Amino acid sequence: MSTLIDILLLSLMGITALAAVRMKSLFGAVMLTGIFSLLSALWFLILDAVDVSFTEAAVGAGISTVLMLGTLSLTKSEEKTSNHSQIIPLFVVFVTGGVLIYGTLDMPDFADPLAPIHTHVAPHYIEKSGAEIGVPNIVTSVLASYRGFDTLGEVTVIFTAGVGVLLLLGIGRRREDGDE
Amino acid sequence: MTHHFILRVITKLLIPLILLFALYVQFHGDFGPGGGFQAGVIIAAALVLYALVFGLNTASAVIKEWVLLVLIPLGVLIYAGVGVASLLLGGNYLDYNVLAHDPVHGQHLGILLVELGVGMTVAAVLTTIFFAFAGRGHRDANGNLLPHSALSDEIRNRKDGQP
């Protein structure tokens, strides 16, 4: 049963991705990327990564879709037909895809208990989190406490992204007109 | 402004639930799935939904832009401040054990504050990015929002190929 759901979800994701690539109407393409994000949120849910699934559903399917719609309201919503040769892009895509697949060959099997990631610090987190942190959710104790520096870095990245957008687009008062 | 009657009613019903869920994810993150980042994006999603249906002007009356601009650094400062506090109390940076008499209580307090900081910054940044994008071309020289229709109307009313 679960294999069936896996196959169904992954093939739906494939179909959505192909449809988004072939779609000429950018509005439709944006909607399809939203659907793709929703499907990958489901996929994360099946992989037991509920936190990632939440985030993907809210950011990928929700906010980034809306941001792209906001961009569409400023530009044309029909894709320009290109006269360039499509052989070089196709070549780049196939080479990149091939390299990515080649990279996965070295990865440990899915849920392999002997994989390096499960033998380094993870056993300590799983065994000691209850006594040291006292928080039932180990994901939270790893993110906020054991790996607090990393999360601080992530928040700083988000902060920087916000500042960057504000500097480029800006909200609130602008002072460049010299009327201040 | 009588478009999307059903959307408006459903949105009004949904937004309190979305916000409540965000608060649950924020403060129950120690026990269930979720945490500051997830709660932040859910809050931002609720605000973006509100702005989509009721227009940017109404949304910026609900949450003022300067509030967002204060919340963005405040979240980072809370996070980094917890680290400084644990330094001052004699521990390492971001070592929550020293925040309370009992190390486990200290961890609880530290995680709660840190997640709060994360939630604030994430929610404010995502909402600000949306406001900045959606407000393009709808501001006067001083950067104040001009009255305009909701983004949903704008996309719907536009003819293809005409920017």
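Quick caveat: nothing in here was measured; it's all calculated off a predicted structure.
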Shared ILVMFWY cluster between B:L19 and B:V118, side chains joined below 4.5 angstrom? yes
Nearest atoms (heavy-atom pairs only) where B:I111 meets A:S141: CD1-CA, 4.4 Å
If you count heavy-atom pairs under 4.5 Å with chain B, which of A:L67, A:L152, A:V155 comes out on top? A:L152
Hey, which of A:N137, A:T55, A:L168 has the most heavy atom pairs under 4.5 Å with chain B? A:N137
Measure B:Y96 against the heavy atoms of chain A and call it side chain, backbone, both or neither at under 4.5 Å. side chain
Do B:L74 and B:V67 sit in one hydrophobic cluster, given that two such residues count as connected whenever their side-chain heavy atoms are within less than 4.5 Å of each other, even indirectly? yes
Could you tell me whether A:I87 atom CD1 has more than 12 heavy atoms of other residues or ligands within 6.0 Å of it? no
Residue A:A131 versus chain B: region with a heavy atom under 4.5 Å: backbone
Atom CD1 of A:I117: over 12 foreign heavy atoms under 6.0 Å: no
Group every Ile, Leu, Val, Met, Phe, Trp and Tyr by side-chain heavy-atom contacts under 4.5 Å, then state whether B:L87 and B:L109 land in the same group. yes
Contacting moiety of A:E132, where chain B heavy atoms sit under 4.5 Å: backbone
Single-linkage hydrophobic cluster, 4.5 Å side-chain cutoff, B:V84 and B:V82 together: yes
Options A:A58, A:P136, A:G162, A:A161, ranked by heavy-atom pairs under 4.5 Å with chain B, top entry: A:P136
Gap separating the OG atom of A:S64 from the CG atom of B:L126, nearest 0.5 angstrom: 9.5 Å
Crowding at NE2, B:H105 (>12 non-hydrogen neighbours, <6.0 Å): no
Within this structure, what is the CZ-CG distance for the pair A:F159 and B:L77, rounded to the nearest 0.5 Å? 7.5 Å
State the CD1-CD1 distance between B:I129 and A:I63, to the nearest 0.5 angstrom. 9.0 Å
I'd like to verify something: which residue of A:I133, A:T71, A:V50 has the highest number of heavy-atom pairs under 4.5 Å with chain B? A:I133
Can a donor-acceptor pair be found, under 3.5 Å and without considering hydrogens, that links the side chain of A:D51 to the backbone of B:P33? no
Within the distance-only criterion (no hydrogens, no angle test), does the side chain of B:Y79 pair as donor or acceptor with the backbone N or O of A:G148 below 3.5 angstrom? yes
What distance do B:L94 atom CG and A:S145 atom OG have between them, rounded to the nearest 0.5 Å? 8.5 Å
With a 4.5 angstrom heavy-atom cut-off, could you sort out which part of A:S53 is near chain B: side chain, backbone, both or neither? neither
Report which part of B:V25 has an atom under 4.5 Å of a heavy atom belonging to chain A: side chain, backbone, both, or neither. side chain
Near-ring test B:F37/A:F54, centroid separation under 6.0 angstrom: no
Report yes or no: does B:D30 contribute a side-chain atom to a donor-acceptor pair with the main-chain N or O of A:V135 at less than 3.5 Å? no
Quick check for you: among B:V114, B:T121, B:T127, which has the greatest number of heavy-atom pairs under 4.5 Å with chain A? B:T121
Name the option with the most non-hydrogen atom pairs under 4.5 Å to chain A; the candidates are B:G35, B:G29, B:G36. B:G29
Is A:I158 linked to A:V163 within one hydrophobic cluster, defined over Ile, Leu, Val, Met, Phe, Trp and Tyr using a side-chain heavy-atom separation of less than 4.5 Å? yes
One should read off an interatomic distance between A:T140 OG1 and B:E115 CD, to the nearest 0.5 angstrom, of 5.5 Å
Is it the case that more than 12 heavy atoms not belonging to A:K24 sit under 6.0 Å from its NZ atom? yes
Inspect the surroundings of CD1 in A:I88 and state if more than 12 heavy atoms from other residues, nucleotides or ligands are less than 6.0 Å away. no
How long is the gap from CG on A:L166 to CZ on B:F131, to the nearest 0.5 Å? 12.0 Å
Okay, A:V139 and chain B: the region with an atom under 4.5 Å from a heavy atom over there is neither
Which bit of B:V104 is near chain A, if near means a heavy-atom gap under 4.5 Å: side chain, backbone, both or neither? both
